[in-house]
Amino acid sequence: MLRKYLYKFVLIILLVPTIWVLFQLEFEKPSLKFIPDIKYIGKIQPLSIDISDRKTGLRKIYVGIGQNGKDKTIHSQSFPYSLLRKDRVHQVNLNLEIEPRTLGFRDGEATLTVSVKDYSLKGFFRGNHTLIKRKIIVDTLPPHLTVLTSFHYLNRGGSGLIIYKIHEEIARSGVKMGDLFFPGFKGKLSQKEVYLAYFAVPHNVSSPVRIDLVAKDYAGNETVVEFPYHVRKKIFMKDKIRLSEDFLSKVKARFASKLGSPDGPLDIFLWVNGRLRSQNHQRIFEICSKTHQEQLWDGPFLRMKRSKPMAGYAGKRTYYYRGKPVDRQVHLGVDLASTAHSPVEAANNGIVAFADDLGIYGNTIILDHGLGLFSMYGHLSNIQITTGQKVRKGELIGYTGSTGLAGGDHLHFSMIVSGVFVNPIEWWDKHWIQDNVVTKLRNVGG
Ligand SMILES: [Zn+2]
């Protein structure tokens, strides 16, 4: 009898550790993730890794870099053991910083090693092992930039072109002006690889205007280069617009059904002229953020035939209702009037980026001329082309009208450089094109 109990007792004594051992034996490897993924190591490189082990928990972490047989530890950590799984460490977010120069590494290839072990009893207590060895590039030098264009005469509200060379592969480059960024595009001119960046000086930019050329490589090293430029002052027209009851009731009829518009003719007008206008400009900015990677246009842009300018670019408009000023806006294009329903031609070669209703601009066409340059045609009565279609300079694309926030039949024409409205006058002018684009391209061998 006693012997029977003893057997049971011994069996339990043996079984408990066996079950426990089996419980600690699992085959799930620790997981690790680079956030963000890493391929390059810059001068001071942040490195974030999420490491986790769901089952038996983390035992040991090692992060190191090796180059030409030399290995340096970046981070090494052991985690305490506990009999209970829930008391062990299961999740770690490593935020490290690597300074390759301080560690004695040179620019070039290196190997990043991350090793993580858990508390599984697999492999005679060695645990599950996740080992990542990854080829990375140590790059501590900022990109070297050479500006190829010698001078940049700019107008307030005008456009500019800078051509430059970069001596390595880069992540991005372009012209920076305050919060604005105008990307540069890689082009080939006479076998030479160069970058072209079209940029704009906004009509309302604050003085003195600070413009820089910047380039960033994949390791995050950035070069900022000053280049010679001069911004000419420009006076823009002031306009008074009287809002008639008749016009306000037309605006109400057109826009009252739009989502979010208020009641009352003047309130509707103010909502359209303010809120809807800025929504439409945001949409235009988005449309113009995707562009063809080659220059599609050639020669001066066409100005609508037999038309009279009714309002100019960057004109400051004050709106009067019953003799009182009620609103102010800036006109970001040129209004051209001819006979009603006049044909509208593509101002230059391009691809149709947008052809639809666009709020205050009514039926609108936006053409992409490549490298961030766009032309826009508003208030059309009729659209003759579709999005994605290629158009030739002078091709019929639509007819003038008075859709959107237009008082009468006219064409609203805008030029846009990387989302910024610029003065179309420069793009219509063959001398401006010659001096600011053609000669520059030719001087670098284009
Ligand atoms: Zn207009």
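Note that ligands are numbered from 1 as they come in the structure, with each ligand's atoms numbered from 1 the same way.
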- Message: Between T400 and D409, do the side chains contain a donor N or O and an acceptor N or O under 3.5 Å apart?
- Response: yes
- Message: For a quick test of reading the model, state the closest non-hydrogen atom pair linking H281 to L332 and the distance between them.
- Response: CE1-CD1, 3.6 Å
- Message: With a cut-off of 2.8 Å, does H412 put an N/O/S atom close enough to the Zn ion (ligand 1)?
- Response: yes
- Query: Can an N, O or S atom be found in H331 less than 2.8 Å away from the Zn ion (ligand 1)?
  - Reply: yes
- Item | Pairing of D217 and K43 as salt bridge, 4.0 angstrom limit | no
- When you measure from the Zn ion (ligand 1) to each N, O or S atom of D335, which atom gives the shortest distance? OD1
- Query: Under a 4.0 Å N-O cut-off, is there an ion pair linking K390 with E395?
  - Reply: no
